[in-house]
Amino acid sequence: KLMETAGRVDQFRKRFRRGSEPVRSCPEGALVAPFFVRHLEYAMSQAGKNKQDADFEINQAALDYHAKPRPGKISVELTKPAETQRDLALAYTPGVAEPVKRIAADPEDAYKYTAKGNLVGVITQGSAVLGLGNVGALASKPVMEGKSVLFKHFADIDVFDIEVAAEHPQEFIETVMRIAPTFGGINLEDIAAPQCFEIEQSLIEQLDIPVFHDDQHGTAIIIAAGLLNALELQGKTLDESRIVVLGAGAAGIAAVRLLIAMGARRDNFMVIDRKGVIQLCRKDLNPYKFGVAVETEARTLEDAMKGADVFIGVSGPDLVSPGMLASMADKPVVFALSNPVPEIRPEVAHEVRKDLIMATGRSDYPNQVNNVLGFPFIFRGALDVRASRINEDMQIAAVNALKDLTHAPTPQEVLDAYGLQALGFGPEYILPKPLDPRLRGVISFAVAAAAIDSGVARAGWPEHYPVIA
């Protein structure tokens, strides 16, 4: 609202500078307008000061959280006793030589005698960190540690965060290749497009463990699950829906690919980047953007939005106007996922369209598209059956598991966690809540089953999983 008010103030300032144009409804407009602007500017300065105070408080709290009482958010813990001379002799020399020999003879024994099977590398070069851009490898470390916290808290997966100082994709690929034997899986994080596509595909092809760029596939999976539920509520189907995607980076292109794999028609998409609609006449497209290009007369976001059933924004703040939203088809679905400020704010969107279903990337609005709904449990399922990759079948299994969970009765534990009296499938509940304890079981079981069915699992159904009838 502050930004909207600032825009109006700027208009007043230009229009009424030195009283050059009076307000038509008031003869004294030339005097009233500058007076109004001065007082509005004062009010805005006070609001800005309050926001700065609030920002200072949370920023200082975050610094204290990371620094005290011990720097950082993660540590290494022992899983075996180390209290006696015999314990040490087994943990290190001479006892450690025996598992070394076993692994040398059969590399699969690494899963039996080491932590490899429950260890994920969260790896980045720091080129697209949150909304901060290319901050470099070292500055990305707090984010990678944060990702590690989520892996451990939600799925009990151990993590080493690795920040690689690499300027070129091949340098990064070679580094990850050399350290890959340490891990049971690799989560690529905060790598800018289009490099992220090349890096992930190269590593998938060369490694025999899961490699998963969460900014691509994790986001796409959550979008797909929420979208299928929203379309169901709106009485629409994926294959018939016209879909606009604003943002042609990692998440946007991955979402298009996954939705097409699940039944959306390729020619029903319009993807928009900074230069407009990605269409076949453009000569500036890289191979990844060319893969989502369509033949169309539309050139702008405003053109694309006319008659669209779905809008998916993975771009920037306040890029969708009320007029654009008004031009969409009946019963639209709007996923405005720019964070912290969405492409269009929910309060504005609901004022313009009473018939829409909306999701954002924020926790203070209904229907948060949050990657923590997916990646910990997807890796849990993949690791538990020693999958060699996280393939499309496994991703679609995760989508359907998430989608279906929203239809099940909500446990009291979830209601208590969010201070709710009731929560059921509907326009404000198209995705599970992140603190839903059922997520780990439901998603990891579905992913593990898909890995086995698609032939990428190297272990059978885990004994601690429920028996499949």
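Values reported hereafter were calculated over all heavy atoms of this structure, with side chains retained and with hydrogens, waters and symmetry mates removed.
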More than 12 heavy atoms of other groups within 6.0 Å of Y113 OH: yes
More than 12 foreign heavy atoms under 6.0 Å from CG of L138: is that the case here? no
Distance-only polar pair, side chains of H168 and Q195, donor-acceptor under 3.5 Å: no
Using the side-chain hydrogen bond (donor to acceptor under 3.5 Å, both in side chains) rule, take N367 and Y429 through it: C-alpha gap first, then chi angles, then the decisive distance, then the call. CA-CA 6 Å; N367 301 325; Y429 183 55; over 6 Å; no
Please indicate whether E428 has more than 12 foreign heavy atoms, meaning atoms of other residues, nucleotides or ligands, lying under 6.0 Å from its CD. no
Identify whether the distance between the nearest side-chain nitrogen and carboxylate oxygen of K152 and D156 falls below 4.0 Å. yes
Check this for me, if you would: do R345 and D318 make a salt bridge, where the nitrogen-to-carboxylate-oxygen distance has to be below 4.0 angstrom? yes
For S202 and Q206, does a side-chain donor sit closer than 3.5 Å to a side-chain acceptor? yes
Residues in side chain to side chain contact (heavy atoms under 4.5 Å, CB included) with L405, at least two apart? P432, D436, R438, L439, V442
Tightest non-hydrogen contact, residues E189 and D215, listed as C-OD2, 3.6 Å
Any donor-acceptor N/O pair, E392 side chain to A261 backbone, under 3.5 Å: no
Can R386 and D208 be counted as an ion pair, charged N to O under 4.0 angstrom? no
I74 side, atom CD1; M144 side, atom CE - distance, nearest 0.5 Å: 11.0 Å
Would D106 and R102 count as a salt bridge (charged side-chain N to carboxylate O under 4.0 Å, His left out) here? Give the steps. CA-CA 6 Å; D106 182 2; R102 296 294 179 95; over 6 Å; no
Taking only Lys NZ, Arg NE, NH1 and NH2, and the carboxylate oxygens of Asp or Glu, determine whether K275 and D273 approach each other closer than 4.0 Å. no
Distance-only, no hydrogens or angles: does the H66 side chain make a donor-acceptor pair with backbone N or O of A62 under 3.5 Å? yes
Taken in chain and number order and not counting sequence neighbours, the residues that satisfy ring pair (Phe, Tyr, Trp, His ring centres under 6.0 Å) with F377 are none
Under 6.0 Å from the NZ atom of K331, do we count more than 12 heavy atoms belonging to anything else shown? no
Find the distance between NE2 (H213) and CD1 (I204) and round it off to the nearest 0.5 Å. 11.0 Å
Under 3.5 Å: donor-acceptor pair, side chain of R266, backbone of A293: yes
Minimum heavy-atom separation for M358 to I344, with atom names? CE-O, 3.1 Å
Within-4.5 Å side-chain heavy-atom neighbours: V143 and D190: yes
When you measure from the centre of the six-membered ring of F375, is the NZ or CZ of K147 under 6.0 Å away and within 45° of the axis? yes
Does E343 use its side chain to pair, donor to acceptor, with the backbone of L337 at less than 3.5 Å? yes
pair I186-V176: side-chain heavy atoms closer than 4.5 Å: yes
Determine whether L188 and C196 make a side-chain contact, defined as any pair of heavy atoms from C-beta on separated by less than 4.5 Å. no
ring-ring contact (aromatic ring centres under 6.0 Å, His included) pairs touching residues 400-422, sequence neighbours excluded, are H407-F425
R362 side chain to V341 main-chain N or O, any donor-acceptor pair under 3.5 Å? no
Does I221 offer a backbone N or O that forms a donor-acceptor pair with the side chain of Q395 under 3.5 Å? no
Taking only residues two or more places apart in sequence, or in another chain, which ones meet S454 in a side chain to side chain donor-acceptor pair (under 3.5 Å)? N391
Salt bridge (charged side-chain N to carboxylate O under 4.0 Å, His left out) contacts in which one or both residues fall within residues 300-310, not counting sequence neighbours: K236-D309
With a sphere of 6.0 Å drawn around OH of Y465, does it hold more than 12 non-hydrogen atoms of other residues, nucleotides or ligands? yes
Does the T410 side chain pair with the main chain of L423, one donor and one acceptor, at a distance under 3.5 Å? yes
For a side chain to side chain contact (heavy atoms under 4.5 Å, CB included) with M270, tell me which candidate from L246, L301, T296, I243 qualifies. T296
Just by modelled atom types, is the K112 backbone N or O under 3.5 Å from a matching donor or acceptor in the D109 side chain? no
Kindly compute the distance separating OG (S338) from CG (L319), expressed to the nearest 0.5 Å. 7.0 Å
Nearest-0.5 Å distance, CG of residue L259 to CD1 of residue I312: 5.5 Å
Looking only at heavy atoms, what is the nearest atom pair of W461 and A449, with distance? CZ3-N, 3.6 Å
Calculate, to the nearest 0.5 Å, the distance between atoms OG and CG belonging to S140 and N134 respectively. 10.0 Å
Assess R389 against F379: is NZ or CZ under 6.0 Å from the centre of the six-membered ring, and within 45 degrees of the ring's axis? no
Report yes if some heavy atom in the side chain of H153 is under 4.5 Å from a heavy atom in the side chain of L150; otherwise report no. no
Are the side chain of N229 and the backbone N or O of T406 linked by a donor-acceptor pair below 3.5 Å? no
Which atom of L238 lies closest to which atom of M262, heavy atoms considered: CD2-O, 3.7 Å
Donor-acceptor pair between Q368 and T360 side chains, under 3.5 angstrom: no
Distance alone, cut at 3.5 Å: any donor-acceptor contact between the side chains of T219 and N371? yes
Side chain of Q216, backbone of A250: donor and acceptor closer than 3.5 Å? no
Within a 6.0 Å radius of atom CD on E171, are there more than 12 heavy atoms belonging to other residues, nucleotides or ligands? yes
Tell me every residue that passes side chain to side chain donor-acceptor pair (under 3.5 Å) with Y365, counting only those two or more places apart in sequence or in another chain. E347
CD1 of I162 to CG of N187, rounded to nearest 0.5 Å, is 12.5 Å
In terms of heavy-atom contacts, does CD of E295 have more than 12 from other residues, nucleotides or ligands at under 6.0 Å? no
Could you report the tightest heavy-atom contact between P434 and V372, atom names first, then the distance? CB-CG1, 3.7 Å
Smallest separation among heavy atoms of V456 and M394, with atom names: CG2-SD, 3.8 Å
